[in-house]
Amino acid sequence: MSPQEEQGIETIASPSANGGFHLRWSRIQKTVTIKDTATGLSGRASIGGTKAPETTSKKTILSNCSGAAAPGQVLAIMGPSGAGKTSLMNVLAGRGTYQGGSLTINGHLMTKRRFKSIAYVKQADIFFEHLTVADQLSYTAMLRLPESMTKAEKNQQVTAILNALRLTKVQHSPIMLCSGGEKKRVNIGTELVTNPSILLLDEPTSGLDSSSAVSLLQLLQSLSREANRTIVTSIHQPSSAVFRSFDRLLMMSDGKVVYFGSPVESLDYLSRLDLACPPGYNAADHWMDLLVAPVDGSEDLVKYKLQDAWDAEALALEMDAAFVDGDDASVSTEARTPKYNTSWLTQYIVLTHRAMKNSRSAIFTPLNLIKSLALGIVAGLLYFQLDYVEENINNIRSYYFFTMTFWVFDSMFGALMAFPVERAIVTQERAASSYHLSAYFMAKTTADAPVRICLPLLYMTVSYWMMAIRNDIVTFIASIGCTLLSVMAGEAFGLLVGASILDLQHAITTMTVSMLFLMLLGGFFVENIPSFVEWAKYLSPFKYAFDSSLQLVVDRDLPCDDSGVLDELCNADGFAPVDEVLDFIGVQGSLGFNVGMLVVLIICCRFLAYLGLRMTKTADRA
Ligand SMILES: Nc1ncnc2c1ncn2[C@@H]1O[C@H](COP(=O)(O)OP(=O)(O)OP(=O)(O)O)[C@@H](O)[C@H]1O
C-alpha cells in the first residue's frame with residue numbers, strides 16, 4: 001500500500017481504491033437563536049430613557065432535511081436565495097452545527113476524523129494573492145500530504161491537478177492576476193491536492209459567465225467519473241442542459257427538501273402536481289419561479305403546495321435503512337490517523353517559506369524602497385554633517401526622535417494588518433486540518449521580521465553616514481541593532497492589537513490612541529508626567545528605542561562651543577559631562593536596561609499576540 005493510501009489519500013490519476021463513499025443525511029434539523037429588541041431594531045434601543053428589553057426568537061434554518069450523494073455522481077443542491085443551501089453544505093462538511101438528525105458515510109455515523117475524507121470548496125476564493133497558482137498548490141501539497149511521500153511525488157500530484165484543471169498556462173501567474181474562473185479552479189485545485197473522496201462545493205459558478213460555468217460543471221462531472229468521487233454542489237439557476245446533466249437533484253425551499261431524485265424525473269413529478277414546465281422553458285428557471293414567494297406574502301403559494309406534497313418521511317426512512325449498526329473496520333485505522341499529516345516542524349518550515357515569499361512581494365515593493373531611500377536622504381540632508389558639539393545636541397536628539405518614532409509607528413501599523421488580512425485564509429486552511437495555529441504564528445512572525453527591518457536598514461544606512469555624528473562602524477552597527485530591536489518591538493505591539501481585535505477599524509483606533517499615549521509618556525512632550533500614569537511609560541517602546549539609540553552616540557563628554565544651549569552644564573575645561581547631557585535630554589536607564597526592555601517587550605507582546613489570535617474567532621456562521 002502506498003503512503004497516500006495508508007492515509008486514505010489516492011493519487012489524482014488513480015480512481016478511488018475503496019469503491020467510493022456514500023454520503024447520506026437524514027432528518028437534519030438546524031435552528032438558530034436570533035437576538036432582537038422590542039423596537040425591532042438590532043442593538044439596544046432606548047425608549048423614553050429606558051432600555052428596550054432584548055428578546056430572542058428561534059429561526060428554523062433546516063427542517064427535516066434528508067438526502068444522499070453517491071460515488072461517481074454529481075448531486076446539485078438548488079433552491080432560491082435563503083432556502084438553506086449553504087447551511088446544509090456547512091453541515092455536510094462538518095463546518096456547521098445542527099441540533100437533530102444523522103449524517104453517515106457508507107452507512108456509518110460521521111465522526112470528526114471521518115470529515116477528513118471531505119473537502120469543502122467555499123464560495124469565496126480567498127488566497128495569498130501574491131503567490132502564483134503553482135505556489136498555492138505546492139504549499140498546500142507540502143502541508144497536507146503525508147510526510148512519507150517524497151517531494152517528487154508531491155510535485156507530481158500538483159502537476160496532475162494543474163493539468164486536470166487546465167491551469168498549466170497560468171501556473172506562474174500571481175493569483176491576483178487570474179480571472180474569476182481561474183481563481184475558482186485554483187480554489188478547487190487546492191482542495192483536490194489531498195485527492196478527497198468527497199468534494200463539496202458551495203455555489204462554485206457564482207460570479208462566472210455562462211460558458212465558464214458550463215465548463216466548470218463539466219469539469220466536476222469528469223472529476224466525479226474519473227476517480228469515483230462523490231461530488232455535491234449547490235448552484236443558482238443553471239442552464240437547461242446543465243440542469244439535465246446532473247446525476248441527482250436536491251431542491252430546497254425554506255430549509256425543507258421539496259424534491260430529491262433525477263433532474264429529468266423532477267419535471268414528471270411537477271407534471272403530476274399540475275405544475276408542468278411549459279415546453280421550451282428552462283427547467284431550472286421553472287423550479288425557481290414556483291419556489292420564489294410573491295411580494296404580498298400570500299399564504300396560498302405554490303411553494304407551500306410543493307413543501308406539503310414532498311414525502312420527507314419516506315426519504316428519511318430510505319436513508320435510515322442504509323444505516324449500518326456498529327462500526328466498520330476503518331475505525332481502528334481512523335483512531336490512529338493523526339489530525340495533521342505533517343509534523344509541527346515541517347509546517348513551520350513550509351509556512352515560513354510561504355510567508356517570506358508573500359511578505360517579500362507585499363512589503364518589498366518599489367514604492368516602499370523609494371520611500372525609505374527618500375526619507376533617508378531627506379533626514380541626511382536636514383541633519384547633514386553634525387559636529388559632536390554643544391550647539392547640535394538638540395539636532396542629535398530630534399534626529400533620533402524622528403527616526404525612532406517614524407519606524408516604530410511604521411512597523412506597528414504594518415504588523416497591525418498582518419493577521420486581519422490573513423485571518424480568513426488561516427481559518428479556512430485550519431478547518432481543513434492543514435497546520436497548528438502555533439506553527440502559523442511562529443512562521444509568520446519569523447518570516448515578516450527580516451523583510452520588515454530591511455526598509456529601516458536602508459534608511460539608517462543613508463541618513464546615518466550623511467549625518468556623520470559618529471563615523472565608526474561599530475557604533476553604526478550598534479545603532480542599526482537598536483533600530484531593528486525598536487522596529488521589532490513596534491511590530492510586536494501591532495501584532496498584539498491586530499491579533500486580539502477582530503474589527504480592523506476598532507484595531508486601528510485602539511492602536512492610534514494607545515500608541516500616541518505611549519509616545520507622549522516617552523517623555524518627549526510632557527515634562528512632568530502625573531504620578532498616577534507614570535508607570536505606563538515603562539510600556540513605551542518609543543522610550544526604550546529613543547534612550548538606547550541616544551546612549552550609543554552620546555557616549556562621551558560633549559565639547560562646549562559658547563552657543564549657550566548647555567550653559568549650566570559646561571565645566572571649566574569646556575566640556576559638558578556625558579551623564580548630565582543625557583539627563584538634560586531626558587535619557588534614563590543604562591544602555592543594557594533599555595535594550596533589555598525592548599527584548600522583553602518583543603517577547604511579551606508576541607506571546608500575548610499568540611493568545612489573542614487563539615482566542616478571537618472570526619464571526620463565521622456556525
Ligand atoms: N447563524 C445564522 N443566524 C441567523 N440566520 C441564519 C444563520 N445562518 C443562516 N441563517 C439564515 O438562514 C437562511 C438560509 O441561509 P443560507 O445561507 O443557508 O441560504 P442559501 O440558500 O445558501 O442562500 P443564498 O443562495 O442566498 O446563498 C437565510 O435566511 C439566512 O439568513
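Treat the numbers as computed from the prediction; the structure is a model and nothing was measured. Sequential numbering from 1 along the given sequence is applied to the chain's residues. Just follow the structure's listing: the first ligand is 1, and inside any ligand the first atom is 1.
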E203 heavy atom under 4.0 Å from ligand 1: yes
Ligand 1 contact by G84, heavy-atom criterion under 4.0 angstrom: yes
R27 bridged to E313 by N-O distance under 4.0 Å: yes
D135 bridged to R354 by N-O distance under 4.0 Å: no
NZ/NE/NH1/NH2 to OD/OE distance under 4.0 Å, R144 and E191: yes
Any donor-acceptor N or O pair under 3.5 Å, side chains Y281, D289: yes
Atoms of ligand 1, numbered as shown, that sit under 4.0 Å from any heavy atom of P80: 21 (O)
Pair Y259 + Y269: ring centers closer than 6.0 Å: yes
Any N or O of Q123 closer than 3.5 Å to N or O of ligand 1: no
Within reach of ligand 1, part of K59 (heavy-atom separation under 4.0 Å): side chain
Backbone N/O of L275 and side chain of H286: donor-acceptor pair under 3.5 Å: yes
For S81, atoms of ligand 1 separated by under 4.0 Å from a heavy atom: 23 (O), 24 (P), 25 (O), 26 (O)
Part of V32 within contact of ligand 1 (heavy atoms, under 4.0 Å): side chain
Donor-acceptor contacts, no H, no angles, side chain residues 495-506, under 3.5 Å, sequence neighbours left out:
residue	atom	partner	partner atom	Å
S500	OG	L496	O	2.6
D503	OD1	Q505	N	2.9
D503	OD1	H506	N	3.0

Residue-ligand contact H236/ligand 1, heavy atom below 4.0 Å: yes
Any N or O of I61 closer than 3.5 Å to N or O of ligand 1: no
Proximal atoms of ligand 1 relative to S87 (non-hydrogen, under 4.0 Å): 9 (C), 15 (O), 16 (P), 18 (O)
